[in-house]
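Note: hydrogens, waters and symmetry copies are ignored here, and every other heavy atom, side chains too, is used. Order of the sequence lines fixes the chain letters, A, B, ..., with proteins taken first and strands second; residue numbering starts at 1 for each chain. Keep in mind that this is a model prediction, so the values were computed, not measured.
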Amino acid sequence: MPELPEVEAVRRRLQRDAVGARIVHSDVRRAGTIAPQEVNAFRASIEGARIIDARRRAKHLFLPLDNGVTLHMHLRMTGNVYVLPDCRFPPLRARLLFTLEDGRALTFDDPRCLGRVHAVATDDLAASLPPLGPEPLDGTFSLKTFVDIARKSQMPAKLFLMDQSKIAGLGNIYAAEALYEARIHPAAPTAALSTVRLGRLYSAIRQVLEVAIPCCERAYAKPGHFAEADEYPMAVYGREGLPCPRCRTLVARMAQGGRSTYFCPRCQRGVL
DNA sequence: TCGATCCTGTAG
DNA sequence: CTACAGGATCGA
């Protein structure tokens with residue numbers, strides 16, 4: 001279940017397990033997973049092709065094939081992708097099953113069925129993506145870029161961080177954790193934040209994500225392949241009523257954009 | 001910019 | 001039973 005660190009961990013696993021493999025058969029067990037694409041066309045465009053790379057942009061995963069088609073995957077809330085050792089024993093929640101030449105299988109697993117997989121011409125891939133802001137871990141993502149974007153938006157900081165068209169890859173967990181690290185109130189409009197605070201937020205975003213990626217890799221390495229960020233030392237997310245690690249004040253929860261925001265009411269104060 | 005919606009599972 | 005879940009899109 002994916003924010004940038006989880007998706008990156010999945011990408012690395014696919015790089016190791018799936019790149020180089022040839023897809024000999026595909027089983028669309030739930031048509032909604034590839035909607036609005038049509039099952040026969042989807043299958044025809046990928047069967048027989050070899051996976052030549054595993055890439056990521058924001059929370060999107062891409063498996064380019066050697067026939068000019070790319071499998072574009074989005075895990076949404078509960079999706080997971082991994083290689084099974086034996087295609088004869090697919091997991092219960094496999095929505096898509098790709099049999100590989102050597103008898104293994106690539107599985108798209110998704111209990112809630114919110115995830116999507118599409119077959120897209122590789123040349124058209126960039127144009128088919130929704131608007132995405134800069135990659136926070138990209139070397140070209142500078143503080144100046146971040147400040148420029150943040151100063152243009154009146155959105156509350158938490159919603160700003162979760163808006164993929166502003167900064168790509170953060171979700172409910174790491175947005176909350178980054179704001180905590182930067183000691184910024186989730187409701188503070190980014191345009192009103194001081195340069196010092198924006199600098200702290202910029203650093204916190206990168207730090208939180210960089211720490212989280214190896215945590216996710218460790219979690220995925222456990223038996224069962226289940227995607228949990230349970231190795232990451234959460235300071236506030238999901239910890240309502242528990243003490244803040246810094247000041248012992250009890251972590252609070254508020255609603256923003258229909259989702260839960262966790263924060264420390266003492267450490268994360270003020271708008272300036 | 002908010003709320004409803006897509007789906008299913010799990011916890012209380 | 002209700003509330004909630006790491007995401008995103010759509011229409012009002």
Rounded to whole angstrom units, what separation is found between the [atom1] atom of [X] and the [atom2] atom of [N]?
X	N	atom1	atom2	result
A:Arg259	C:dA5	CZ	C1'	8 Å
A:Asp109	B:dT8	CG	P	14 Å
A:Arg116	C:dA8	CZ	P	13 Å
A:Asn172	C:dG7	CG	P	6 Å
A:Arg93	B:dT8	CZ	P	10 Å
A:Met254	B:dC2	CE	P	11 Å
A:Arg112	C:dT9	CZ	C1'	15 Å
A:Arg30	B:dC7	CZ	P	7 Å

* To do: Would you check if the distance from the ring center of A:Phe263 to the ring center of A:His185 is below 6.0 Å?
  =>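 When the ring centroids of A:Phe263 and A:His185 are compared, they turn out to be within the sub-6.0 Å range.
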* Asked: For A:Val24, does its backbone N or O pair with a side-chain atom of A:Glu101 as donor and acceptor, under 3.5 Å?
  ->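 Checked: no pair found.
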* Donor-acceptor pair, side chain of A:Thr190 and main chain of A:Ser153, under 3.5 angstrom ->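 The answer is yes, because a donor-acceptor pair under 3.5 Å joins these two groups.
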* Indicate yes or no: does A:Lys152 engage A:Asp148 in a salt bridge with an N to O separation below 4.0 Å. =>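 The answer is no: the pair does not qualify as a salt bridge.
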With rounding to whole Å, what would you report as the distance between [N] and [M] at their [atom1] atoms?
N	M	atom1	answer
B:dC7	C:dC4	P	22 Å
C:dA3	B:dG3	P	16 Å
B:dA4	C:dT2	P	16 Å

Compare side-chain N and O positions of [X] against OP1 and OP2 of [N] and report whether any pair is under 4.0 Å apart.
X	N	value
A:Gln164	C:dG7	no
A:Arg253	C:dC4	yes
A:Tyr262	C:dC4	no
A:Ser260	C:dA5	yes
A:His74	C:dG7	no

* Within the structure shown, what part of the strands sits under 4.0 Å from A:Gly258 by heavy-atom distance: base, sugar-phosphate, or nothing? ->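 No contact.
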* **Base paired to C:dG11 (Watson-Crick or G-U; both N/O distances under 3.5 angstrom)** =>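 Paired with B:dC2.
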* **Within 45° cone of A:Tyr180 ring axis and under 6.0 Å: A:Arg246 NZ or CZ** =>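 So A:Arg246 does make the cation-pi contact.
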